[in-house]
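To start, the structure itself, in structure tokens.
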Number of protein chains: 2
Amino acid sequence: MAEGMEREGIAPRKRPVTLRDVAEEAGVSLATASKALNDQGRMTAETRARIQETARRLGFRPNGLAQSLLRQRSFTVGMLTNDTYGRFSLPLMAGISEALVDNGVSVFLCNVEDDPRLGQLHVDAMLEKRVDGIIATGKRLDRRLPIDLSQLGVPVIYAFTEPDADAIAFVSDDEGGARLAVEHLVRLGRRRIVHVTGPARFAVVHQRAAAYRAVLAEAGLAEAPVMMGDWTESWGREAVDILFSQAADGPDAIFCGNDQIARGVIDGLRERGIDVPGSVAVVGFDNWEIVAAEARPPLTTVDMNLAALGREAGLTLLSLVDGKPVEPGIRKLPCRLVVRQSCGRPPGDQ
Amino acid sequence: MAEGMEREGIAPRKRPVTLRDVAEEAGVSLATASKALNDQGRMTAETRARIQETARRLGFRPNGLAQSLLRQRSFTVGMLTNDTYGRFSLPLMAGISEALVDNGVSVFLCNVEDDPRLGQLHVDAMLEKRVDGIIATGKRLDRRLPIDLSQLGVPVIYAFTEPDADAIAFVSDDEGGARLAVEHLVRLGRRRIVHVTGPARFAVVHQRAAAYRAVLAEAGLAEAPVMMGDWTESWGREAVDILFSQAADGPDAIFCGNDQIARGVIDGLRERGIDVPGSVAVVGFDNWEIVAAEARPPLTTVDMNLAALGREAGLTLLSLVDGKPVEPGIRKLPCRLVVRQSCGRPPGDQ
DNA sequence: ATGAAAGCGCTAACAA
DNA sequence: TTGTTAGCGCTTTCAT
């Protein structure tokens, strides 16, 4: 039989090439072939090379299912989310995936909406597939996913969602983020800073408001009542109407609870002929590119660093899977201020 | 030994419960236990019930890896995308997942950006994990993913991305979608309809423009030169400036290439004091909720039905996996017009 | 009606 | 240095 050149480049068709095929073709035993391809055991470099070459030629691809069965490790994790629009889950996913892909770990993405049945379905599927771990993510820090993940028998990490007791969780530091925003305004010399934000039933609304008040107090500035409404542009515009309808002097800065409100605020101000940032500076929250970057002027806003958060979650899950101990608790990851143009030129201190 | 009540509710801890555990506990053989739990073979109803009850009590969960190894089927598919923002990939994913989850199939989501190395990494991982198939998706119908999927040895379906030759693909019917939009305007009595769209290097720009021209011709209306620019709000506003800066009579309807342009157009018109939809009707494309619903007035726009497209792709992949033959070729799935308020009340014909 | 045995494709201990 | 063997957890003939 000629040295197999005729096999070159043939894609495995019907039956995939197995390690046994490689071993036979190379004239060695299964075990030897295995060791050769895993750079384990001892053998002549020549043998190893020959086996590897044979594997390459045959288009051999190890069967991960068999490997996983044996190693008790599937190199697979599940990510649960209820964030249908992906505003939060996609950056998280990007970070998670980035942390895992280089370790050969793939991610099952499962949208459970807010449906317990769907959640159970996905979790069952994951568990049967023997995922090495699960990352639970969401769209709200103060709401749980519609499934109980506390007794699963696999490591679970919570990222950007309300965790169970004694769980390991990563969340954004909303107080810190709000501080960043308000301190920025203070540093720019703004003195009458108001806060227009979302509905009171969101925990973050109170956390951010508390930080807002704290920073004003520290700066010796008067605080205005926090204005709560919807997370929408129209609420932002409405808030501007309220703020500027009285003859009294309006604010010179508005810290908004999210980018959509901020966008509404900016539009409302422009339509009243009020210059941004000249007369009023505006800061948003979320750094939702599509909203923030297209505002007029482009929005200075707080970024929750969700990709980094996802990366941390992924790496931590990996540690857990490797059996390393991880202290339970909630870790708050810092936000970051993205300076665009809605507050004017940043002071020279940066 | 007492009848095991003390085991009730104990979550499997260290070593997961195996079928062997169930068999021993129930006092039967492995084979019998397997059959009992799969509703196969023949045995007394009593035996079957007892085994099932035992499994339940022990919290037995079949090891999908072992099953997959044997059945040569992993109940797992991979979804490839290069759509980082998820504008297209998330609706697709939702549809795909919906079609698959009830069949116990989970989805690996893999963002390959436009990086061939990353793409190869993900595809290799999928193949090693023995995915039953792959769905390739993207953000442009006229660009390929940065990896060759033609010789993988597993079924591949293309959804909303440029397919390889002889592949099975699902795409949106952009001509049809554009027809829907322009015919809507015609039906509402608009006569001077212009088209403001994206860059010429996008194939869809030409497809939609062709449909725009065709509909105008059929209606005996004059077509205006198609205005190509960026896919941005600012281009929409600029287009309005161009259209209305001359004293000549401007259009009474504007068909926009996407929702962002449409939003810019609406803003531009409002800022010029031109009533929408009174004086000018506006239609968008994409039905990107966050942009379309928050426009003033809310935007009538074309929805590409991406979730349905994903569902089709998922179901078709399933057929393929089951060995059913599927005709290769590109299937165009119809779009749908979502009527909001930017064109005025729809005529009584609906 | 039930069970023993042979694998699915691979790895790792132990022999040779 | 290489090969033999015993599984990983499960399904499936084929006996009994």
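The sequence lines fix the lettering, A, B, ..., with proteins before strands; numbering per chain opens at 1. Heavy-atom basis, side chains included; hydrogens, waters and symmetry copies ignored.
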Given atom CZ of A/Arg50 and atom P of D/dT1, what is their separation to the nearest angstrom? 14 Å
Of B/Ala66 and B/Gly41, the one whose nearest nucleotide on DNA chain C sits closer to the 5' end is B/Gly41
Any heavy-atom pair between the side chains of A/Ser34 and A/Leu19 that's under 4.5 Å? yes
Interatomic distance where CD belongs to B/Gln67 and P belongs to C/dC8 [whole Å]: 17 Å
Are B/Arg73 and B/Phe75 in a cation-pi setup, meaning NZ or CZ lies under 6.0 angstrom from the ring centre and within 45 degrees of the ring axis? yes
Counting N and O atoms only, with roles assigned by atom type, does the side chain of A/Asn111 sit under 3.5 Å from a partner on the main chain of A/Glu113, one being a donor and the other an acceptor? yes
On the nucleotide D/dC10, are OP1 or OP2 found under 4.0 Å from the side-chain N or O atoms that B/Ser34 carries? no
Indicate whether OP1 or OP2 belonging to C/dT2 is found under 4.0 Å from a side-chain N or O atom of B/Thr32. no
Closest to the side chain of B/Lys35, out of C/dC8, D/dC14, C/dT11, is D/dC14
Can you tell me if the side-chain N/O atoms of B/Asn63 get under 4.0 Å from OP1 or OP2 in D/dC8? no
Atom-pair distance (NZ on A/Lys129; P on D/dC10), nearest Å: 16 Å
Round to the nearest Å and state the distance from A/Gln72 atom CD to D/dC10 atom P. 11 Å
Output the rounded distance in Å from CD (B/Glu128) to P (C/dC10). 10 Å
Using a 4.0 Å heavy-atom cut-off across all strands, classify B/Ser68 as base, sugar-phosphate, or nothing. nothing
Salt bridge or not for A/Arg50 and A/Glu53, using N-O below 4.0 Å? no
Which sits closer to the 5' end of DNA chain C, B/Arg130 or B/Gly27, going by the nucleotide each is nearest to? B/Gly27
When you check the phosphate oxygens OP1 and OP2 of D/dT1, does a side-chain N or O of A/Thr44 lie under 4.0 Å from one of them? no
Side-chain atoms of A/Val28 come closest, of D/dG3, C/dG3, D/dT11, to D/dG3
Charged N to carboxylate O below 4.0 Å: is that the case for A/Asp114 and A/Arg143? no
D/dG9 phosphate, OP1 or OP2, under 4.0 Å from B/Arg20 side-chain N/O: no
Rounded off to whole Å, could you give me the CG-to-P distance for the A/Leu30 and D/dT5 pair? 12 Å
Measure from CG on A/Leu19 to P on C/dG9 and round the result to the nearest Å. 11 Å
Please state whether the phosphate of C/dT11, meaning OP1 or OP2, lies under 4.0 angstrom from any side-chain nitrogen or oxygen of A/Gln40. no
In whole angstroms, how far is the P atom of C/dA4 from the CD atom of B/Glu24? 12 Å
Using a cut-off of strictly less than 4.0 Å, decide whether A/Thr47 has a side-chain nitrogen or oxygen near OP1 or OP2 of D/dT2. yes
